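Computed from a predicted structure; not experimentally measured. Numbered from 1 within each chain, the chains take letters A, B, ... in sequence-line order.
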Amino acid sequence: TLDTVTDFANKKVVIFAVPGAFTPTCSAQHLPGYLAKVGELKAKGVDLIIGTSSNDFFVLDAWGKQQGVTDKILLVSDANGELGRATGLTLDLTSKGLGPGRLTRFAAVVVDGKVTYLEQEPNPGEVSVSGVDAVLAAL
Amino acid sequence: MVIKVGDVFPDAVLTYIPYDAANPDACGLPQQLKTHEAFKGKKVVLFAVPGAFTPTCSEEHMPGYVSGAQDLRAKGAEIVACVSSNDQFVMHAWGKSYNVKDDILMLSDANGELGGKLGLVNDGTARRMGPIRLARFAIIIDNLKVTYVGVEPAPGVTVSGFPAVMAKL
């Protein structure tokens, strides 16, 4: 398990959330963007890069393997919706068959536990303010 | 109140991404499947897994059906389907990893509608798997009438596995 309080202490963390592993936008645009620029994020002092979604950890593990993530990005599961409830960053995608508690597409920079950047995509089908380039510009 | 032999299989809306033979690697568009509409007049084998990509489901449950789908069809099953509470994108990707093509319909009950109506849905929160998880089971449906129900009493694959269903068809 990853505890956002203890594991983020004294670290610069980039965390991005996807509504769903294996979905088109998340798979083709959002995660690959971060994967390609891990080096640039680390060069700007980022200690931990985390991708999260409300999928369970088995699904995230399979997705990470399919995308070639290895240990560059930590894919963590918020299947119980704890992070979603604590941040309020959830979307009801029941009408799309994806259930009521998906995380929205967002990116955040957390420095020693404090949020220094947080942007939600206004249109979850796109990647702009939650993408790696926006985060790099904010670091 | 759990589904039993002799009951009418419930009507529910499931989602799936159809297999496109012309474009097998494309990210297909999700479609809805209404069970009464899709299963009417047909013999259906439906098996459920708690989670795509999880060990038991991937190593013990699914493979039996993947290799045996044609045998089930030879015995009269017109539809062989797998359902779980994972969403349709995850189910599609999981099916692709076995190269199921259109041998097995990979259905998503992400909202837990079917699971709830069957009385076969569990809360997986304690295992960090979220609040909606289907039990592991297999059901044979003949023109919307349930003719077999095999719900696993414990971890592992017995009454919900391919051999058990083959014997009952």
Should [X] and [Y] be counted in the same cluster of Ile, Leu, Val, Met, Phe, Trp and Tyr side chains packed under 4.5 Å apart?
X        : Y        : value
A:Leu74  : A:Leu31  : no
A:Phe106 : A:Phe16  : no
A:Val46  : A:Tyr117 : yes
A:Val135 : A:Ile50  : no
B:Val159 : B:Leu72  : yes

CZ of B:Phe53 to CD of A:Gln66: how many Å apart, nearest 0.5 Å? 7.5 Å
Enter the distance from A:Phe57:CZ to B:Arg127:CZ here, rounded to the nearest 0.5 Å. 8.5 Å
For A:Lys12, does the NZ atom sit with more than 12 other heavy atoms under 6.0 Å from it, leaving out its own atoms?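 Atom NZ in A:Lys12 is packed in, count exceeds 12.
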Check whether any side-chain heavy atom of B:Asp87 lies under 4.5 Å from a side-chain heavy atom of A:Asn55, and answer yes or no.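 Side chain of B:Asp87 against side chain of A:Asn55, heavy atoms only: contact under 4.5 Å found.
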Quick one: does any side-chain atom of A:Asp56 pair with a main-chain N or O of B:Met129 as donor and acceptor, under 3.5 Å?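 Looks like no, no N/O pair under 3.5 Å.
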For chain B, find which of A:Val59, A:Asp61, A:Asp78 contributes the most heavy-atom pairs closer than 4.5 angstrom.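 Most pairs with chain B among the choices: A:Val59.
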For chain A, which residues from residues 131-146 of chain B lie under 4.5 Å away (heavy-atom distances)? B:Pro131, B:Arg133
Listed once per pair and sorted, the salt bridge (Lys or Arg N to Asp or Glu O under 4.0 Å) pairs that draw on residues 130-139 of chain A, sequence neighbours left out: A:Lys37-A:Asp133
Give, as side chain, backbone, both or neither, the part of B:Asp123 having an atom under 4.5 angstrom from any heavy atom of chain A. neither
So what's closer than 4.5 Å to chain B heavy atoms on A:Glu82: side chain, backbone, both or neither? side chain
Heavy-atom distance under 4.5 Å to chain B: side chain of A:Ser54, backbone, both or neither?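 When you check distances to chain B, no heavy atom of A:Ser54 falls under 4.5 Å.
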Compare every heavy atom of A:Ala21 with every heavy atom of B:Phe89, then report the nearest pair and how far apart it is.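 Shortest heavy-atom separation between B:Phe89 and A:Ala21 comes out as CB-O, 4.2 Å.
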Quick one: which of B:Thr15, B:Thr54, B:Asp109, B:Asn86 has the most heavy-atom pairs under 4.5 Å with chain A, could you say?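 Option with the greatest count: B:Thr54.
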